Amino acid sequence: MRGLELAEKYYEAYGRPMLETKFADIIEQTAAGLVGQGSECLGFDDEISMDHDYGPSFCIWLPRDIYERYGAKMQAEYDALPQEFMGFAGRVAEEQGQGRVGVLCLEDFYAGILGRDTVPSTNQEWLTLSEENLATATNGKVFEDRLGKFSEIRDGLLQYYPKEAWIRRLVQSMAKAAQAGQYNYARAMKRGERITAEIALTEFIRESMQIVYLLNRKYAPYDKWMHRGMKELPIGSEIGDMLDLLYTIPDPAAAWEDVAANDYIYSLNTNDGRILIIEAICNIIVQELNEIGLSDRQDNFLQNHLQAVLDKI
């Protein structure tokens, strides 16, 4: 059973009854769910994930004034709930997993992830927040929010970037993808700098995934889960499979043997299968830019589309 489903069932069986019987006077000040760090909050947990920070658990969020008065008492009641549930042992948190579940201060929850407990109001404020942290603050599921304050912040974040901030993030990733995958990779291979080429390829992979999330207007999670998550997105999900192919291509070094300094300056070394996949990925991105009206250029080089996209601000 996935951790998120287990958490909701556990809350229904023990969490809500605890609040209704022992904290009836403040129950309208509570919100409950499972949001934050951990693969279970993304719905990506599996059997491998069960070796740490797994088990029946949930979060209760209280506004600061209520938390300061009732938080310790409520945490004691939470700790007294049955540890085993539906055949699953109680959660044993590793040191870095402490404080992810239980009774939490609502404002501290958001501030701990984002460095603030309010929704950004300017483009600059949005751009100072990392995509990973925005994903962490808005993942999972809220089971109940009687007060509504937790969901008010969450819903404001889920409205996604304002147009200018979104375009600037998109252009930044397009520039990095073009520089790494369509420029530096080939030049590094031509020089025989394999380590540099692999670094460039890795950066291209990351930025192309980032572009897919941006085009879907969805916050990209922690690097560990970017590839897993993008395959479920409606726009550009096929890029995830194409990235897989990059690691099935035989060693491309032979494609660069005897290549002169002036070779492939204005053309592509199509003997390297990685080049073909990189260009195919960029072509899909360009098609989507055309489809949504961000660029009317047709060429594959993402660098050539930057100004057209910026002009949409």
Side-chain angles (χ1 to χ4, degrees), residues 1-64 66-110 112-113 133 135-151 153-155 158 221-222 224-225 228-229 232:
M1 182 183 296
R2 292 285 176 83
L4 194 57
E5 180 183 359
L6 180 64
E8 187 167 13
K9 290 181 181 298
Y10 186 58
Y11 173 74
E12 295 288 345
Y14 294 110
R16 183 186 293 121
M18 177 195 75
L19 293 176
E20 291 174 343
T21 58
K22 299 189 176 182
F23 297 95
D25 54 335
I26 61 165
I27 193 171
E28 297 303 320
Q29 303 292 315
T30 65
L34 186 64
V35 179
Q37 296 173 323
S39 57
E40 69 275 12
C41 296
L42 293 164
F44 297 159
D45 52 314
D46 52 23
E47 291 183 358
I48 295 175
S49 308
M50 293 181 181
D51 67 344
H52 69 287
D53 300 335
Y54 183 86
S57 54
F58 54 85
C59 303
I60 297 175
W61 297 283
L62 303 174
R64 186 178 306 283
I66 303 298
Y67 178 80
E68 290 175 351
R69 293 169 59 194
Y70 295 93
K73 180 180 178 182
M74 191 177 289
Q75 183 65 51
E77 294 292 344
Y78 176 94
D79 291 339
L81 296 177
Q83 295 298 297
E84 295 188 7
F85 179 67
M86 297 183 67
F88 294 95
R91 178 183 179 112
V92 178
E94 294 187 337
E95 182 176 354
Q96 63 269 32
Q98 297 290 336
R100 294 182 180 178
V101 296
V103 182
L104 307 171
C105 173
L106 185 156
E107 291 86 352
D108 286 349
F109 172 83
Y110 282 112
I113 297 172
N133 289 343
T136 300
T138 56
N139 63 19
K141 184 176 181 181
V142 178
F143 308 148
E144 283 188 309
D145 188 355
R146 297 170 186 259
L147 180 63
K149 185 176 180 181
F150 185 88
S151 295
I153 299 172
R154 178 182 175 87
D155 292 345
L158 286 171
Y222 172 52
K224 177 180 176 180
W225 299 112
R228 166 69 175 77
E232 300 177 358

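Note: hydrogens, waters and symmetry copies are ignored here, and every other heavy atom, side chains too, is used. Computed from a prediction, not measured in an experiment: that's the story for all the values here.
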Inset, instruction - Determine yes or no for a side-chain-to-main-chain donor-acceptor pair under 3.5 angstrom, with Arg2 supplying the side chain and Gly43 the backbone. - result: yes
I'd like a table of donor-acceptor pairs (distance under 3.5 Å, sequence neighbours excluded) in which one partner is a side-chain atom from residues 71-81, with atom names and distances.
residue	atom	partner	partner atom	Å
Gln75	OE1	Val103	N	2.8
Gln75	NE2	Asp79	OD1	2.9
Glu77	OE1	Lys22	NZ	2.9
Tyr78	OH	Phe58	N	3.2
Tyr78	OH	Phe58	O	3.2

Legend entry - Exercise: identify the closest heavy-atom pair between Leu6 and Pro56: CD2-N, 3.7 Å
Legend entry - Parallel, tilted or perpendicular: ring planes of Phe85 versus Tyr14, cut at 30 and 60 degrees: perpendicular
Legend entry - Exceeds 12 heavy-atom contacts within 6.0 angstrom, atom CZ of Arg228: yes
Inset, instruction - Considering non-hydrogen atoms only, spot the tightest contact between Ala7 and Leu34 and give its length. - result: CB-CD2, 3.8 Å
Inset, instruction - State, yes or no, whether a side-chain contact exists between Arg146 and Ile27 at a heavy-atom distance under 4.5 Å. - result: yes
Inset, instruction - Answer yes or no: is there a donor N or O on one side and an acceptor on the other, between the side chain of Glu107 and the main chain of Arg64, under 3.5 Å? - result: yes
Inset, instruction - Would you check, one step at a time, whether the test side chain to side chain contact (heavy atoms under 4.5 Å, CB included) holds for Leu62 with Leu106? - result: CA-CA 5 Å; Leu62 303 174; Leu106 185 156; 6.0 Å; no
Legend entry - Salt-bridge present (Glu8, Lys141; N to O < 4.0 Å): yes
Inset, instruction - Write down the atom of Pro82, the atom of Tyr10, and the distance for their closest heavy-atom approach. - result: O-OH, 2.6 Å
Inset, instruction - May I ask you to decide if Phe150's main-chain N or O and Tyr110's side chain share a donor-acceptor pair within less than 3.5 Å? - result: yes
Inset, instruction - Determine the minimum heavy-atom distance between Tyr11 and Ala32, stating which atoms define it. - result: CE1-CB, 3.5 Å
Legend entry - Donor-acceptor contact below 3.5 Å, side chain Asn139 vs main chain Gly36: yes
Legend entry - Where Val35 and Ala137 come nearest, the two heavy atoms and their spacing: CG1-O, 3.7 Å
Inset, instruction - Check whether any side-chain heavy atom of Arg154 sits under 4.5 Å from a side-chain heavy atom of Val142, and report yes or no. - result: yes
Inset, instruction - Report the distance from atom CD1 of Ile26 to atom CD1 of Ile66, rounding to the nearest 0.5 Å. - result: 6.0 Å
Inset, instruction - Starting from the C-alpha separation in whole Å, work towards a yes-or-no answer on side chain to side chain contact (heavy atoms under 4.5 Å, CB included) for Glu28 and Leu147. - result: CA-CA 6 Å; Glu28 297 303 320; Leu147 180 63; over 6 Å; no
Inset, instruction - Ignoring hydrogens and angles, tell me if any N or O in the side chain of Ser151 forms a donor-acceptor pair with the backbone of Gly148 under 3.5 Å. - result: no
Inset, instruction - Begin with the C-alpha distance, continue with both residues' side-chain angles, and end with the deciding distance and a verdict on side chain to side chain contact (heavy atoms under 4.5 Å, CB included) for Arg16 and Phe143. - result: CA-CA 10 Å; Arg16 183 186 293 121; Phe143 308 148; over 6 Å; no
Inset, instruction - Provide the closest heavy-atom pair for Ser39 versus Trp225 in the form atom of the first, atom of the second, distance. - result: CB-CZ2, 3.4 Å
Legend entry - Tyr70 and Gln29 side chains, donor-acceptor separation under 3.5 Å: no
Legend entry - Audit row: Ile60, Met18, side chain to side chain contact (heavy atoms under 4.5 Å, CB included) steps and yes/no: CA-CA 11 Å; Ile60 297 175; Met18 177 195 75; 3.7 Å; yes
